[in-house]
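Note that the numbering runs from 1 along the sequence shown for the chain. Excluded from the calculations below are hydrogen atoms, water molecules and symmetry mates; all remaining heavy atoms, backbone and side chain alike, are included.
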Amino acid sequence: TSLAGEYVGKYDSGFTWTASARYNDFSDFDDITTWQTAFGYQATEIIRLRGSIGTGFKAPTFTERYGFYPDQFIGNPDLKPEKSRGWELGFDSRWVEQGVTFGAVYFNSKLEDEIDGFVFDPETFLFTAKNRETDSHRKGVEVVFDWKPLANFDIAANYTYTDSTEPMGEQDVRELRRPRHMGSLVLQYRFANDRAYTNLNVSYTGKQYDVFFDPATFLSEQVELDSYTLLDLAGGWKITDSLELIARITNLTDEEYEDVLGYSTRGRGYFGGIRGRFDF
């Protein structure tokens, strides 16, 4: 059972702020209250400053608490929710005549009671889930860029650098499955009097680390997952004002990659269909 509230304030024509809170009453966990406050300030005609600070939580999943897979995993009903606290500060700028929008933000957060779903249980000889006793930290920068060089051509790009660490012994190490570098580039071209369009999406995910568990020795070691780039191509054509033919190809180059060690991902895929919009 939850109860939430939000307040939106406007100090003057250039400054706005919000404050919100949520109370969560759990039957199996301690009650949790989360909150957030944020602001936006129009510093100049083209630059707007923004920032926020707040807390959050994530309850354990049903599988993490009660799941059971023979010879592999057993759930832990005593798990506690994960809790986080973070803040960010950034700006957005827009040059209307040049058709350019640019923004950047710095973020910093801490995660407590993180749920680790790969803990070896010496009593059952199975893996289980437990709350970690140490905190993990994430900080980084995100940059976004939009440009409209032509009336029928749009370019959108973004890049995120994330430094994600967790304690291991007396030193901090990189968190698993957290790539430091991620980015994307989207090109969209409209033609035939805006009745048709084509869209190319290029997304990059940098190298990251995962853990390999040897089923014979029950020992684990970190392994590196390669970086990869995916290309998706999409397009559409308006047959009438209400009907549109759509098509897309995902993973255009049939790239082989892994986000989780040992789990294959989808290869090239073809999709097509028709979309209708009707007024009644």
Quick one: list whatever passes side chain to side chain donor-acceptor pair (under 3.5 Å) with [X], sequence neighbours left out.
| X | value |
| --- | --- |
| Ser109 | none |
| Asp279 | none |
| Asn24 | Ser2, Arg22 |
| Glu166 | Arg132 |

N/O donor-acceptor pairs under 3.5 Å from side chains in residues 95-104, not counting sequence neighbours:
none

Q. Could you give all pairs that pass the ring-ring contact (aromatic ring centres under 6.0 Å, His included) test and reach residues 50-89, with sequence neighbours left out?
A.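 Qualifying pairs, neighbours excluded: Phe26-Phe57, Phe62-Tyr66, Trp87-Tyr106.
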
**Q.** For Glu82, all residues meeting salt bridge (charged side-chain N to carboxylate O under 4.0 Å, His left out), sequence neighbours excluded
**A.**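 Applying salt bridge (charged side-chain N to carboxylate O under 4.0 Å, His left out) to Glu82 gives none.
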
Q: Name all residues meeting the salt bridge (charged side-chain N to carboxylate O under 4.0 Å, His left out) criterion together with Arg195; count only those two or more places apart in sequence or in a different chain, and write none if there are none.
A: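 With neighbours one apart ignored, the set is Asp241.
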
Q) Going through the checks in order, is the salt bridge (charged side-chain N to carboxylate O under 4.0 Å, His left out) test met by Lys130 and Asp116? A) CA-CA 5 Å; Lys130 288 187 177 181; Asp116 184 352; over 6 Å; no

Q | Ionic contact status for Lys238 with Glu244, cut-off 4.0 Å | A |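 A salt bridge is absent here (no side-chain N lies under 4.0 Å from a carboxylate O).
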
Q. Listed by chain and number, what are the side chain to side chain contact (heavy atoms under 4.5 Å, CB included) partners of Phe278, not counting sequence neighbours?
A.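 Listed in chain order: Ser242, Leu243, Phe280.
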
Q. Does Ala21 have any side chain to side chain contact (heavy atoms under 4.5 Å, CB included) partners at least two apart in sequence or in another chain, and if so, which?
A.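 For Ala21 the side chain to side chain contact (heavy atoms under 4.5 Å, CB included) partners, ignoring immediate neighbours, are Trp35.
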
Q: With sequence neighbours left out, write down each residue that passes ring pair (Phe, Tyr, Trp, His ring centres under 6.0 Å) with Tyr189, or none if nothing qualifies.
A: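 With sequence neighbours excluded, Tyr189 shows a ring pair (Phe, Tyr, Trp, His ring centres under 6.0 Å) to Phe191, given in chain and number order.
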
Give the table of side-chain donor-acceptor pairs shorter than 3.5 Å for residues 248-259, with sequence neighbours excluded, one pair per line with atom names and distance.
unit_1	atom_1	unit_2	atom_2	d
Asn251	OD1	Asp254	N	3.4
Asn251	OD1	Glu255	N	2.8
Asn251	ND2	Glu255	O	3.1
Asn251	ND2	Arg266	O	3.2
Asp254	OD1	Arg268	N	3.0
Glu258	OE2	Gly262	N	3.0
Asp259	OD1	Tyr228	OH	2.6
Asp259	OD2	Tyr228	OH	3.4

Q | Parallel, tilted or perpendicular, as decided by the 30° and 60° cut-offs, for the rings of Phe120 and Phe127 | A |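 Rings of Phe127 and Phe120: perpendicular, as their planes differ by over 60°.
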
Q) Given the rule that I, L, V, M, F, W and Y join up when any side-chain heavy atoms are under 4.5 Å apart, are Leu187 and Trp237 in one cluster? A)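 Yes, same cluster.
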
